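These notes are about the structure you will find just below.
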Amino acid sequence: MINSISKWIPLFVLMVAVSALGIACGAAPQDAPQQPAAQQQPAAAAQPAAPEKPEARPSLPVKLGEGGAVSTPVPGAKPAAVTGSADAIKRGGILNQSHRRSPLHFRMDVDAATDQASAVHPIFNQLVAPLPPDFTTIGPDLAESWEVSEDGRTFTFNLVPNIVNHKGNPWTSSDAKFTLETMAKETENRPPHLSVSVAGVSTLESVKTPNDTTLVVRLTQQDGLFLSNLSIGWSSMHTEADYDEVDSLDNPVGTGPFFLESHLVGEKLEYRANPNYFKEGLPYLDGIDTFIIRDVAAKLAAFEAQRIDVVMMGSSHGLHADNLAALAKRHPGELTFYAGQHTTLRGVRWNWREEGPWQDVRVRRAIHLALDRDEICDVIPSCIVGDWGPSGVFGITDRTELEAKPGYAKTGPAKDAELAEAKKLLTDAGFPDGFEVKSLCRDTSEYRDHLCPLMEFLLRDKLNIRLELDVQETGAYTEKLDTGDWLVMTGASGNARVDHPFDWLDHAAFCGEDPAVNETGYCNEEFDELLRKMRVTSDVPELIALHVQAIDLFNTEIPYVPLFWPARWPVAWNYIKNLPDEHFSGQYSQARRFEETWLDR
């Protein structure tokens with residue numbers, strides 16, 4: 001039996017799997033999961049009158065991560081209509097946005113951090129992609145429809161005909177085949193990509209191209225994340241004739257709504273509209289200019305002067321409820337901002353490949369128990385308490401329920417007891433006076449000015465663990481992580497682009513993987529086997545059970561210490577229309593393409 005999925009599938013639990021995609025794709029639209037209840041979303045702060053005191057700290061949504069999530073199919077679902085009538089849409093103009101730094105390169109398959117993601121998305125397409133307005137539904141992109149075999153292992157993609165790239169060269173099924181097969185193998189820039197591999201082994205059995213508009217992919221196993229992974233920017237489709245493994249890092253050639261016209265490193269990126277874009281009538285904008293502004297005060301000043309129209313992830317730029325509320329108070333009703341959920345964990349990690357006190361589980365557990373998450377979130381302006389996998393489907397999102405887990409006691413007697421236990425553990429491990437260690441820190445406002453010094457203070461204050469901060473510019477920081485040249489670090493510690501146990505937890509896998517993939521070097525074969533089972537099963541109760549087993553193992557092993565999950569705080573002037581909604585989605589989806597955004601001024 002062959003089932004056609006010709007339109008859209010909501011980005012929720014595609015883990016309900018490849019077999020569900022192949023066999024149970026008759027689910028009705030009303031079966032789609034509901035969005036988190038409104039009262040559980042961080043409150044919007046952009047009101048005409050800003051509050052006199054800071055907004056209450058946002059709490060975890062019921063289904064944290066849903067926006068980047070995997071999904072069950074809903075055939076026939078329709079994307080939301082573009083805001084306003086066709087006659088009301090104003091074409092032309094340049095959208096001015098700000099970012100904290102230039103991208104290291106334009107290849108998300110090599111590194112998918114937000115610097116690369118925000119720079120890449122306007123340029124490329126994927127086979128499938130999350131759809132506007134909220135980017136919680138997977139739908140067509142370069143593939144206008146697809147079919148899945150009954151066994152869930154064969155995907156037949158029907159591609160849009162007559163596509164040309166930014167150089168005017170045709171993009172066909174052979175280029176899709178080239179891109180997938182390149183991703184599945186090791187290159188001089190990276191190991192096999194996790195989207196089409198498990199533990200470094202390709203999941204592609206064969207890729208065939210019966211004609212220019214048909215692509216047939218046969219997998220070695222069922223893969224509940226296959227379509228979701230294809231929708232993420234790291235699966236950007238290249239044209240073989242215009243691809244070079246080295247040159248493509250800095251000179252991207254895509255099929256997307258905008259092409260890169262110029263990049264003055266550290267200052268500005270200029271994108272201009274693709275006149276041959278295959279989506280009729282798009283984009284509405286003439287172009288996008290991205291200004292690199294590191295200083296928070298300068299960024300706010302440029303935004304207030306309307307030299308900048310939008311900042312898509314303000315929390316990484318030093319923006320948060322307090323300074324944005326002050327701005328909104330001066331411009332009542334003119335701008336919009338909101339918390340949004342950034343599903344990239346902030347934590348404390350150690351390098352398992354190196355000898356150090358962290359090799360003793362008592363030291364790891366002491367750090368986990370000693371840190372007061374609520375105390376941290378009272379200081380960090382964009383901070384939501386959560387563990388390694390706070391999924392609304394698989395994990396814990398309720399702060400009270402989390403309180404019963406080791407390390408998450410709330411401030412007060414229970415937390416005092418955890419701190420006492422932590423000190424005893426450290427003494428028993430042979431470190432009654434603590435220890436000193438160099439700690440890697442990324443040179444951005446969020447880390448350099450906030451998280452790293454806070455952790456330096458808290459660990460010294462509570463356990464006399466003395467961090468010597470090693471603040472490194474992003475390029476050097478990334479190289480240190482990718483080569484294993486570090487001991488301890490405070491910062492990004494895993495992320496979930498989709499709401500699936502594998503994606504929440506694979507940051508700690510697999511044994512023997514290259515540092516560019518398994519940065520910490522953590523190796524636990526029992527955990528690796530749990531991940532392998534997660535990747536292939538279609539059964540939600542089984543996935544929940546596997547997730548619980550993995551979290552229980554983490555609570556015993558403490559492979560790294562989770563601190564909190566940040567909010568995003570995007571901000572934009574209200575004359576920008578059809579701006580991507582980042583409440584649930586984010587910078588790792590095609591939200592940053594701006595292909596349907598327009599300026600009402």
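From a predicted model like this one, the values you see are computed outputs, not experimental measurements.
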Near R91 CZ, under 6.0 Å, is it more than 12 heavy atoms from other residues, nucleotides or ligands?
->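 Correct, the count exceeds 12.
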
Flag yes if more than 12 heavy atoms outside N162 fall under 6.0 Å of its CG atom; otherwise flag no.
->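 Atom CG in N162 is not packed in, count stays at 12 or less.
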
Which value, rounded to the nearest 0.5 Å, describes the distance between [X] atom [atom1] and [Y] atom [atom2]?
X	Y	atom1	atom2	value
T490	E456	OG1	CD	10.0 Å
L95	D309	CG	CG	5.0 Å
L599	I89	CG	CD1	12.0 Å
L563	L454	CG	CG	8.5 Å
E519	H507	CD	NE2	5.5 Å

Within 45° cone and under 6.0 Å: R601 NZ/CZ vs W573 ring |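 The answer is no; the distance or angle limit is not met.
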
So does [Y] get a backbone contact from the side chain of [X], meaning a donor-acceptor N/O pair under 3.5 Å?
X	Y	answer
N574	G333	yes
H193	S195	yes
W171	H238	yes
R448	Q472	no
S102	V265	no
N125	G256	yes
R190	K185	yes
T520	W350	no
S228	L225	no
D244	V246	yes

Worked check of salt bridge (Lys or Arg N to Asp or Glu O under 4.0 Å) between D141 and R593 = CA-CA 12 Å; D141 205 20; R593 274 194 201 164; 2.4 Å; yes

ring-ring contact (aromatic ring centres under 6.0 Å, His included) between H166 and F258, intermediate numbers included | CA-CA 8 Å; H166 296 156; F258 300 94; 9.2 Å; no

Is there a donor-acceptor contact under 3.5 Å linking the side chains of [X] and [Y]?
X	Y	result
T239	D175	no
D250	H105	no
R101	T474	yes
S231	Q126	no
N495	T343	no
S493	R346	no
E595	Y277	yes
W486	D470	no

Applying ring-ring contact (aromatic ring centres under 6.0 Å, His included), run through F106 and H263 and close with a yes or a no.
-> CA-CA 11 Å; F106 294 87; H263 177 203; 5.6 Å; yes

Answer whether the closest heavy-atom distance between the side chains of [X] and [Y] falls below 4.5 Å.
X	Y	result
V296	L300	yes
E473	R442	no
E270	L260	no
L142	F278	yes
P103	L269	yes
D212	S174	no

Decide, yes or no, whether a salt bridge links [X] with [Y] under the criterion of side-chain N to carboxylate O below 4.0 Å.
X	Y	value
D286	R272	no
R294	D443	yes
E304	K299	no

Between H342 and W565, is a ring-ring contact (aromatic ring centres under 6.0 Å, His included) present by the stated rule, with each step listed?
-> CA-CA 7 Å; H342 183 33; W565 298 82; 8.8 Å; no

Are the ring centres of Y271 and F259 closer than 6.0 Å?
->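 They do not qualify: ring centres at least 6.0 Å apart.
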
